[in-house]
Amino acid sequence: MQNDGKLYSRGVIVNLNTWADYVFKPGYELKTLPETEAFILENGHLPGVPNEQEIKEDGLDLGEMQRIQMEKIEEMYLHMIEMNNQILDLKKEVSQLKEENSQLKK
């Protein structure tokens, strides 16, 4: 097998001083989806994630990128939880409106 600068391994352990669980702590300022969309449209990448030029110039720190990716996954879960709660509230409201409509038709 030719090695062209690639590293082959069955496992890698990266020790980090921090992990992305701070996303779930009180006081974490989760960007709204419209704020995130505006950032993406303006900058062409997610907030808090290095852009292509930075990666080309500085390389990719695997441990740091794993932390960043976990942060983004956890943020997505918070958005999904919020959306699910909104859907449940809307279902309840629709059910109530259907009941009211049914009563009015009688």
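Values below: all heavy atoms of this structure, side chains included; hydrogens, waters and symmetry mates excluded.
Judged by distance alone, the side chain of Thr36 and the main-chain N or O of Thr32 form a donor-acceptor pair under 3.5 Å. Side chain of His79 to backbone of Leu30: no donor-acceptor contact under 3.5 angstrom is found.
Linking ILVMFWY side-chain heavy atoms closer than 4.5 Å, directly or via other members, places Val12 and Leu16 in a single hydrophobic cluster. Note: the hydrophobic cluster containing Ile73 also contains Met80 (ILVMFWY, side chain heavy atoms under 4.5 Å, direct or indirect links). When hydrophobic clusters are built by joining Ile, Leu, Val, Met, Phe, Trp and Tyr residues whose side-chain heavy atoms come closer than 4.5 Å, directly or via intermediates, Trp19 is not grouped with Phe24.
There is no side-chain donor-acceptor pair under 3.5 Å between Glu100 and Gln96.
The CD atom of Glu99 sits 5.0 Å away from atom CD of Gln103, with the distance rounded to the nearest 0.5 Å. Residue Gln69 holds its CD atom at 9.5 Å from CG of Leu62, rounded to the nearest 0.5 Å. Atom CD of Glu57 and atom CD of Glu52 lie 11.0 Å apart (nearest 0.5 Å). Taken from CD in Glu74 to OH in Tyr28, the straight-line distance is 9.0 Å, to the nearest 0.5 Å. In this structure, Glu75 CD and Leu33 CG are separated by 10.0 Å, a value rounded to the nearest 0.5 Å.
Under the 4.5 Å side-chain criterion, counting only non-hydrogen atoms from C-beta, Asp21 is not in contact with Met70. Between Val49 and Asn51 the shortest side-chain heavy-atom distance does not fall below 4.5 Å. The closest side-chain heavy-atom distance from Val94 to Lys98 is below 4.5 Å.
Within 6.0 Å of NZ in Lys72 there are more than 12 heavy atoms belonging to other residues, nucleotides or ligands. Residue-environment remark: OH (Tyr77) stays at or below the threshold of 12 foreign heavy atoms within 6.0 Å.
For the residue pair Ile55 and Pro50, the shortest heavy atom distance occurs at CD1-CB, 3.8 Å.
Note: His45 and Phe39 have perpendicular aromatic rings, judged against thresholds of 30 and 60 degrees for the angle between ring planes.
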(request) Show your working on side chain to side chain contact (heavy atoms under 4.5 Å, CB included) between Ile40 and Leu46 and close with a plain yes or no. (result) CA-CA 6 Å; Ile40 292 169; Leu46 286 169; 3.7 Å; yes
